[in-house]
Number of protein chains: 2
Amino acid sequence: METVERLIRSTQELLWERGYVGTSPKAIQRAADAGQGSMYHHFTGKAELAKAAIERSGAELREAAEVQLAGEGTPAERISGYLGRERDVLRGCQVGRLAADPDVVADPELRAPVAETFEWLRARLAEVVAEGKRTGDFPESLDPERTAATIAAVLQGGYVLARAAGSTEPFELAVQGLVDLLGAK
Amino acid sequence: METVERLIRSTQELLWERGYVGTSPKAIQRAADAGQGSMYHHFTGKAELAKAAIERSGAELREAAEVQLAGEGTPAERISGYLGRERDVLRGCQVGRLAADPDVVADPELRAPVAETFEWLRARLAEVVAEGKRTGDFPESLDPERTAATIAAVLQGGYVLARAAGSTEPFELAVQGLVDLLGAK
DNA sequence: GTCTATACTGGGATAGAC
DNA sequence: GTCTATCCCAGTATAGAC
């Protein structure tokens, strides 16, 4: 694999694990097996490299979501499929994790890909909810934008509760609770 | 205020803002207006001081939640009151924020107060939901533990989405979406 | 209890050789 | 493109004086 590619992927991993503040250029170089000069030749510094890595992670999140949301089945089944799909819960969300980072939130260049990813996700979920209202999966009373935000929040919050507990259980409970509420009509 | 107290409160603020990894002993000393020797006289180091600060933050979260959850009104009203109470949304949750921190999650001494806080919160919410089932506020079909986890997750996830967006809007949408679902019976 | 001195490592980056 | 040298400051802590 090429150096630039290794640098971006290593940065993605480290940002996921330790966040922006906790990730040093040296650690990136070690993980990517790239030298100091090499890294600074391809990127102006930590911030630019992080930006590339965050954009990549955002794209991966969108692709993974789209697999479920554009897949087979009724709208309700696709939402449930998305909620229940295999996840490495205790690792958390590689994009959502960055919202905790003050240096990411404070820098427009770094926050932008994070913001765009969740804007896309909420809009996409809202589409599927709206579709479900037309098919009768969901009651007319449901507001698609609100419901989409709730769905995205349960996942992000589920990760937080699971990591706090050191167990996937709270995540699973939260998701089941949401599925119950969505199905209760 | 005494030195120990200033150290703990300053550490709480810094942990909230920058997390454990992003908080240095020097920054704590500056914020607390305490010297190097003073801090190391009262605490063995950053970890012990952080533990004290996290325990304090956990206690504050519990007290704040209890105001709403043990307050006036029907169970459904108390849940809504808790969800809708005044919050500094863009600052995030001072306890939940720590679940993103690898050094907190990895250290049992530091993770314990975070875990206990959310265990307490979910149990307390489950009590109120169960009470609401008895009073007829909530349908018999609702599982209290699941629903409690969903409520806690919506809040934590709402913070994540809001900070990502740089706006409180996603938080408010997510909460409203949950209230809608809980009220739909 | 608090202060200053000291120590050592790592963070983040630039310069210039190869 | 990549390597090594170098720079300066911050992180985290210990030691001993006051």
Side-chain angles (χ1 to χ4, degrees), chain A residues 1-56 97-98 100-111, chain B residues 1-56 97-98 100-111:
Chain A
M1 208 190 308
E2 287 150 25
T3 301
V4 170
E5 184 65 18
R6 289 203 316 279
L7 283 167
I8 291 177
R9 295 203 191 176
S10 298
T11 304
Q12 283 185 275
E13 291 298 310
L14 284 163
L15 288 180
W16 194 350
E17 172 80 18
R18 308 204 37 88
Y20 184 79
V21 168
T23 296
S24 70
K26 282 202 178 149
I28 293 169
Q29 291 152 28
R30 217 172 322 159
D33 195 25
Q36 191 94 332
S38 186
M39 187 194 119
Y40 283 100
H41 173 75
H42 294 292
F43 297 92
T44 59
K46 173 176 162 175
E48 197 188 63
L49 182 41
K51 183 167 157 55
I54 297 172
E55 282 166 354
R56 181 75 69 85
R97 195 251 170 272
L98 299 166
D101 221 304
D103 291 5
V104 170
V105 169
D107 182 341
E109 291 282 303
L110 294 179
R111 189 172 63 73
Chain B
M1 210 189 308
E2 286 150 25
T3 302
V4 170
E5 184 65 17
R6 288 203 316 277
L7 283 166
I8 291 177
R9 295 202 190 175
S10 298
T11 304
Q12 282 185 275
E13 291 298 309
L14 284 163
L15 288 179
W16 194 350
E17 173 80 19
R18 307 204 39 88
Y20 184 79
V21 168
T23 297
S24 71
K26 278 199 184 158
I28 294 170
Q29 291 151 28
R30 216 171 323 156
D33 195 25
Q36 190 94 333
S38 185
M39 186 194 121
Y40 282 101
H41 172 75
H42 294 292
F43 297 92
T44 60
K46 174 176 161 175
E48 198 188 61
L49 181 43
K51 183 167 156 53
I54 296 172
E55 283 166 353
R56 179 75 68 86
R97 196 251 169 270
L98 300 165
D101 219 304
D103 291 5
V104 170
V105 169
D107 182 340
E109 292 281 304
L110 294 179
R111 189 172 62 74

Protein proximity profile, nucleotides 11-18 of chain C - base contact B, sugar-phosphate-only contact S, no contact -, cut-off 4.0 Å on heavy atoms: BSBB----
Heavy-atom closest pair, residues B:V21 and A:G22: CG1-CA, 3.5 Å
To the nearest Å, give me how far apart NE2 (B:H42) and P (D:dA13) are. 17 Å
Please confirm whether the shortest side-chain N or O distance from B:T3 to OP1 or OP2 of C:dT2 is below 4.0 Å. yes
With sequence neighbours excluded, what pairs up with A:R111 under the salt bridge (charged side-chain N to carboxylate O under 4.0 Å, His left out) test? none
Report yes if at least one side-chain N or O of A:H41 is closer than 4.0 Å to OP1 or OP2 of D:dC3; otherwise report no. no
CG of B:L49 versus C1' of D:dT12: gap in Å, rounded? 13 Å
Among residues at least two apart in sequence or on other chains, which ones pass side chain to side chain donor-acceptor pair (under 3.5 Å) with B:Q12? B:S57, B:E60
Donor-acceptor contacts under 3.5 Å from residues 43-54 of chain B side chains, at least two apart:
unit_1 : atom_1 : unit_2 : atom_2 : d
B:K46  : NZ     : B:Y20  : O      : 2.9
B:K46  : NZ     : B:T23  : O      : 2.8
B:E48  : OE1    : B:T44  : N      : 3.1
B:K51  : NZ     : B:E55  : OE2    : 2.9

Restricting to pairs with a member in residues 10-25 of chain A, which pass salt bridge (Lys or Arg N to Asp or Glu O under 4.0 Å), not counting sequence neighbours? A:E13-A:R91, A:R18-B:D103
Can you list everything that forms a side chain to side chain donor-acceptor pair (under 3.5 Å) with A:E5? Sequence neighbours excluded, please. A:R9, A:R56
Integer-rounded Å distance: C:dT4 P and B:Q29 CD: 12 Å
